[in-house]
There are 2 protein chains.
Amino acid sequence: MQFSKSTDYALHAIIHLGHSQRCNNVGIRELSGILGVSESYLSKIMSKLRQDGIVRAVPGVNGGYELARPADQITFLDVIQVIEGRQQLFECSNSSSQQHQLLAEEGAVQRDQKYPGKACLVEKVMNGAEQQLHQYLREHTIQSVLDEAFKRCSHDVNKK
Amino acid sequence: MQFSKSTDYALHAIIHLGHSQRCNNVGIRELSGILGVSESYLSKIMSKLRQDGIVRAVPGVNGGYELARPADQITFLDVIQVIEGRQQLFECSNSSSQQHQLLAEEGAVQRDQKYPGKACLVEKVMNGAEQQLHQYLREHTIQSVLDEAFKRCSHDVNKK
DNA sequence: ATTATTATAGATCTTTATTGTCCATAATAA
DNA sequence: TTATTATGGACAATAAAGATCTATAATAAT
């Protein structure tokens, strides 16, 4: 299990947009050059980000992309969910199996119907793990990375 | 990004082994019946678990699988890493790109070599997220699920 | 020792998801 | 009106996951 390359591209692209906020829009050519990925592929990713309201896009001369809202209001989770989707990280695939029934319901052998809200105990643990992950990713914004980069930069300047 | 079905099978299989600790070994036929997956496929998964020292396997009549150590010493992370592998959840794919350099090193444009230990800031956040996830998965053992299942069961009995 | 039983390892196939390209179209500013 | 830029659809290549089959090795019971 790994995050896709698309997620990597998306995050780096958005950070670049955040970095260029003051200036003009950033075109797909510039972005693709910086990230080292083809324009065609990257534009698919940017389209998704636009559809989900993370970035704005302007066609035409001097067009390009910009952040749709301040960088401190765009979390890592926001970006990741656009690219990776919002399905659960873990889904119990054998919800009809004996064991699932045993784990999900208190030894109820005679019942066959599904009881919503009664998740398999394995799934319950895995969902807990997912929540942990999400919380962390929600706490980290694009702005926090920009700040960190700036700190490093000025620290470097001071050293010299 | 999702956990694979194999991880689901592995976790459920191991929980069943934990549940049957007192009795004899559990054969692949029984396991595959319970989980609703073919014997051939499941046996691949069980082999991996054996190679990583999670379960023991005994061939021959009355053979089968059993846990290689107590259920409270087998964490979710242990099992998941056997199946999903131990690569990082996120790897910065464009480590040679301009932006990566900018984010990883303090505005050092003139250097081209790789500096180990200087991760891209995006990767740094993502690695932090992975650590959160791992910590949670390390804190949850197979035994903890068995305990929970038992609690539910006895609670149910009391109600009746 | 022989036999039935059980796990193991290898090869192979199918399906699905990811990554990537190409082209026609729509929208915009100069 | 035109050059420029993003968009969307179709498509292809690659990689990963899911699954099956067969031959082999190991073991316990007889």
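Chain naming here is simple, since letters A, B, ... match the order of the sequence lines and numbering starts at 1 in each.
- Among the nucleotides C/dA7, C/dT6, D/dT7, the one closest to any side-chain atom of A/S43 is D/dT7.
- Side-chain proximity of B/R50 to the nucleotides C/dT8, C/dG20, D/dT7 is greatest for C/dT8.
- At a cut-off of 3.5 angstrom, the base of C/dG20 holds no donor-acceptor pair with the side chain of A/K5.
- No donor-acceptor pair under 3.5 Å is formed between the side chain of A/Q132 and the backbone N or O of B/L133.
- Put simply, CD1 on B/I45 is 12 Å from P on D/dA17, counting in whole angstrom units.
- For B/K44 and D/dG18, a side-chain-to-base donor-acceptor distance below 3.5 Å is absent, hydrogens and geometry of angles not being considered.
- Heavy-atom contacts from other residues, nucleotides or ligands closer than 6.0 Å to CZ of A/R29 number 12 or fewer.
- In this entry the distance linking CG of B/L49 with P of C/dT8 reads 10 Å, nearest Å.
- Rounded to an integer number of Å, the gap from CE of A/M1 to P of C/dT16 is 22 Å.
- The local environment of CG in B/D52 is crowded, with over 12 non-hydrogen atoms from other residues, nucleotides or ligands closer than 6.0 Å.
- The side chain of B/Y65 places an N or O atom within less than 4.0 Å of a non-bridging phosphate oxygen (OP1 or OP2) of C/dT8.
- For B/R29, counting side-chain heavy atoms from C-beta on, the closest listed nucleotide (D/dT7, C/dT8, C/dT6) is C/dT6.
- One atom, CD of B/E84, and another, P of D/dA16, lie 13 Å apart when rounded to the nearest Å.
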Inset, instruction - Could you encode protein contacts along nucleotides 23-30 of chain D as a string, one character per nucleotide from 5' to 3', using B for base contact, S for sugar-phosphate-only contact and - for no contact, with a heavy-atom cut-off of under 4.0 Å? - result: ---BBS--
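- Put simply, OH on B/Y41 is 12 Å from C1' on C/dT14, counting in whole angstrom units.
- The side chain of B/S4 approaches D/dG18 more closely than any other nucleotide in the set D/dT7, C/dA9, D/dG18.
- Nucleic acid contact class of A/Q2 (heavy atoms, under 4.0 Å, all strands): none.
- Across all their heavy atoms, A/I15 and A/L146 have their closest contact at O-CD2, 3.8 Å.
- At the heavy-atom level, B/E39 lies nowhere under 4.0 Å from the strands shown.
- The separation between A/K48 atom NZ and C/dA17 atom C1' is 11 Å, rounded to whole Å.
- Here C/dA7 sits opposite D/dT24 as a Watson-Crick or G-U wobble pair (both hydrogen-bonding atom distances under 3.5 Å).
- Between B/S47 and C/dA7 there is no side-chain polar atom (N or O) within less than 4.0 angstrom of OP1 or OP2.
- Contacts of A/S40 with the nucleic acid, taken as non-hydrogen atoms under 4.0 Å apart, include base atoms.
- A donor-acceptor contact closer than 3.5 angstrom is absent between the side chains of B/Y9 and B/S4.
- Each of B/Y9 and A/M46 lies near DNA chain D, and the nucleotide nearest A/M46 is the one positioned closer to the 5' end.
- At the phosphate of C/dA9, OP1 or OP2 sits under 4.0 Å from a side-chain N or O atom of B/Q51.
- Nucleotides of DNA chain C nearest to B/G64 and A/F3 differ in position, and the one nearer the 5' end is that of B/G64.
- A donor-acceptor pair shorter than 3.5 Å can be found between the side chains of B/Q143 and B/D147.
- When the P atom of C/dA30 is taken as reference, atom CG of A/N25 falls 11 Å away, rounded to whole Å.
- Checked by atom type and distance alone, the side chain of B/E39 never pairs as donor or acceptor with a backbone atom of B/I28 at under 3.5 Å.
- Not a single ring-ring contact (aromatic ring centres under 6.0 Å, His included) links A/H134 to another residue, sequence neighbours left out.
- One can place CD1 of A/I28 at 13 Å from P of D/dG8, the figure rounded to the nearest angstrom.
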